[in-house]
Amino acid sequence: MPDQKALFEFNDIHVEVDGKQIVSGVSLKILPGEIHAIMGPNGSGKSSLSNALMGHPDYAIMSGEAFLDGRSILSMSADERSRAGLYLAFQYPLAIPGVTVANFMRAALQAHRGKDADMSDFRKLFKAAMKALLIDPSFATRYLNDGFSGGEKKRIEILQMSMLNPKMALLDETDSGLDIDALKIVSEGINRFHNDSNALLLVTHYQRLLNYVKPHHVHVMIHGRIVKTGGPELALKLEELGYDWVEAEYAQGTGA
Amino acid sequence: MSDEIRRHNEDLASLDKDYATRYGFQDPVNYFHKGARGINHEVVEMISRMKKEPAWMTELRHAALDIFTAKPIPKWGNSELLSEIDFENIYYFMKPIEHQQSNWDNVPEYIKKTFDRLGIPEAERKFLGGVSAQYESEVVYHSMREDLKKQGIIFLDMDSGLREHPDLVKKYFGTVISTADNKFAALNTAVWSGGSLIYVPPGIDVKVPLQAYFRINAENMGQFERTLIIADKGSRVHYIEGCTAPVYSTDSLHTAVVEVIALEDSYIRYTTIQNWSRNIFNLVTKRASVYGNATVEWVDGNLGSRLSMKYPCIQLMGEGARGEILSVAFAGKDQHQDAGAKVIHVAPNTSSRIRSKSVSKDNGRASYRGLVKVHKNAANTKVSVECDALLIGEDARSDTYPTMEVDNDQVKVEHEARVSKVAEEQLFYLTSRGLTEDDARLLIVNGFMEPFTKELPLEYAVELNRLIELEMEGSIG
């Protein structure tokens, strides 16, 4: 049974990709207003976990359970999870040639509001969201992520998040490919979005983003398992010492 | 017809339920004249006599029939499907009403209702300079804005054109596409009826599009419109055509010939949105001759039909002539779109660009068949060919058959061909934003079509998106 207080909760999640187990029993409970970070070296399974939770068909959840606002989500398709309030900011957002950012955004918002819902406020909301993220208005009529730089794509991911206003946002390596100015703008966007009733799960290799978006809890993931959990100070230690010591601790079976 | 083919056809018809509601309705009609099925010299004679044509046209028709009969079914495209056409089962001439009308009020109610449902009079009021509405073999309604008439612009149905401007028609008819060009051009020449004649005097810019709408209503109907467009020196014109037909379980034939002549410094754009029901064989010959510094653009959208074979052609005859062919084809279940483009560079300093996009869904098949030919004298020519195919589902098929014959060294040729599938990753990206898988797929397809759609007048772009949506409904990924 899900915890009534938790906004997002998953238990003992096992994920397979091409028949190979990548995530081996991960559990987490996130309360409204919380910011969690999952950190880990490359190949630790942290991106697979977020893709699987969003419902990517290639990331098969073999066992475990997940609840958003008390509702079980694992039998839902990706679009149903999205409409239920889950969001994944992609590490590598896909290009959709011929579909403008504005048309795509309108279609996504319409999908969330319902087919016949009024959209007369769309233009205003869209303009304001673009402005807040310092996205040039010309991007409205450019094709989604088509020829965008890494930083531009990440900004568009945050733009979508701010428009769709999910309850629970998974941010997969959102800081990768960003220069320091873009990192600031994106972080400000994330902080503006965050409030007492939603929650964030930041999936990241580096501590960099966490200087700007302050997590309440930090988890370290290695070999498909969460092996250590702590407060913001854990991220700083990882920044300083790398992941080797956690791995060593884990190998000795003395991990938290 | 074997039971198997009949069953197959009935299956096809049932697929078309949505098409049937929106475009595929049938009118019960008492025709002014309905000939017998089948084709022979008597039929040709009867058509020519009813139209009170000059002797040269009657003779041309008879000669064309002999060529049609003598020529075998083409060995390319889709000979198997082509050989299913039962030419003796087709009606070659149906005249719905005695006299063409220029006022909607005088058009019989059932025809008016048809064109109302297809949005024709509304489009005319909104943004067209002239409208021609062909129903079966003849144009039943035709009108053009007075100010355009006063400028000396001719826009008539071809039958009236031949009556009122016999010298103009005689001068150009069959000069771009000869009777013997191919079997179906010969058939059209033998039994042609309707279509448009357009002539734009030197220096005149027809600022609003002229449109013709072709509607087949009867079962086993053959529609053979003949269109001739002449833009005199320095003039400009945009012509748009649309086509639909009711859904039947047996085949109908649409075999048009379109000749376009762009004299020096002129500009012609020819836009087609055809949306045939799935029982139509669509075998059309379209060709343009482009003279010095003139431009012709074919914007060609192919939806529907059972088999389409259509390769708009541009012959760059004068120095500095330019041609562009932008086409899309959508091949749904059991359909074959054999579409393509041809450019022939005859004169030096000419340039051409071909952009072909196709979508194949279910077991649909889209082929690009292209020819680029550069003659010995055509130095400093530029050619660019770009083919994009999008496949939806495992059984969809796409082929390209490009041919290049270049007899001059000073030529810049670019050729690109891409085949892509609607990628799982793209679908996941869009569904993770709340779009259903069907909506996501539709968005990807609309995006793929966008370079074409954005060339259309807004009303047509909206209509095309709606048609694609219809084609995509119930798609199996």
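Reminder, nothing fancy here: chain letters follow the sequence lines and each chain counts from 1. Given the structure is predicted, the values throughout are model-derived calculations rather than measurements.
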Discussion item. To the closest 0.5 Å, what do you measure between OH (Y59(A)) and CZ (F428(B))?
Written reply: 8.5 Å
Discussion item. Report which part of Y429(B) has an atom under 4.5 Å of a heavy atom belonging to chain A: side chain, backbone, both, or neither.
Written reply: both
Worksheet item: Which atoms of N103(A) come close to chain B, meaning under 4.5 Å heavy atom to heavy atom: side chain ones, backbone ones, both, or neither?
Response: neither
Item to complete: Would you check if R83(A) and T436(B) make a side-chain contact, meaning some heavy-atom pair closer than 4.5 Å?
Response: yes
Practice prompt. Using a cut-off of 6.0 Å, state whether more than 12 heavy atoms not belonging to D121(A) lie near its atom CG.
Written response: yes
Worksheet item: Do Y92(A) and E425(B) meet the criterion of a side-chain donor-acceptor pair at a distance under 3.5 Å?
Response: no
Worksheet item: Using a cut-off of under 4.5 Å for heavy-atom pairs, which of Q110(A), E157(A), E80(A) has the most such pairs with chain B?
Response: E157(A)
Worksheet item: Is the number of heavy atoms from other residues, nucleotides or ligands within 6.0 Å of CZ (R113(A)) greater than 12?
Response: yes
Practice prompt. Take atom CZ of R123(A) as the centre, draw a 6.0 Å sphere, and report whether it contains more than 12 heavy atoms from other residues, nucleotides or ligands.
Written response: no
Discussion item. Once rounded to the nearest 0.5 Å, what's the spacing between atom CG of D79(A) and atom CD of E437(B)?
Written reply: 8.0 Å
Discussion item. Would you say CG of D116(A) has more than 12 non-hydrogen atoms from neighbouring residues, nucleotides or ligands within 6.0 angstrom?
Written reply: no
Discussion item. Working to the nearest 0.5 angstrom, can you tell me the gap between E424(B) CD and H56(A) NE2?
Written reply: 7.5 Å
Practice prompt. Below 4.5 Å from any heavy atom of chain B, which atoms of H112(A) appear? Answer side chain, backbone, both or neither.
Written response: side chain
Worksheet entry | Part of N145(A) lying under 4.5 Å from any heavy atom of chain B | side chain
Worksheet entry | Atom group of L144(A) that falls short of 4.5 Å from chain B, counting heavy atoms | side chain
Worksheet, complete the sentence: Heavy atoms of Q426(B) and P97(A) approach each other most closely as NE2-CD, 3.9 Å
Worksheet item: Do you know which of I444(B), N446(B), L430(B) has the most heavy-atom pairs with chain A at a distance under 4.5 angstrom?
Response: L430(B)
Worksheet item: If you take all heavy atoms of V99(A) and L443(B), which pair is closest and at what distance?
Response: CG2-O, 3.3 Å
Item to complete: Select one option (side chain, backbone, both, neither) describing which atoms of I96(A) are under 4.5 Å from chain B's heavy atoms.
Response: both
Discussion item. Less than 4.5 Å to any heavy atom of chain B: does that hold for the side chain of P166(A), its backbone, both, or neither?
Written reply: neither
Worksheet entry | Residue pair G434(B) / S82(A): nearest heavy atoms and the distance that separates them | N-OG, 3.0 Å
Discussion item. Using heavy-atom distances under 4.5 Å, tell me whether A84(A) contacts chain B through its side chain, its backbone, both, or neither.
Written reply: neither
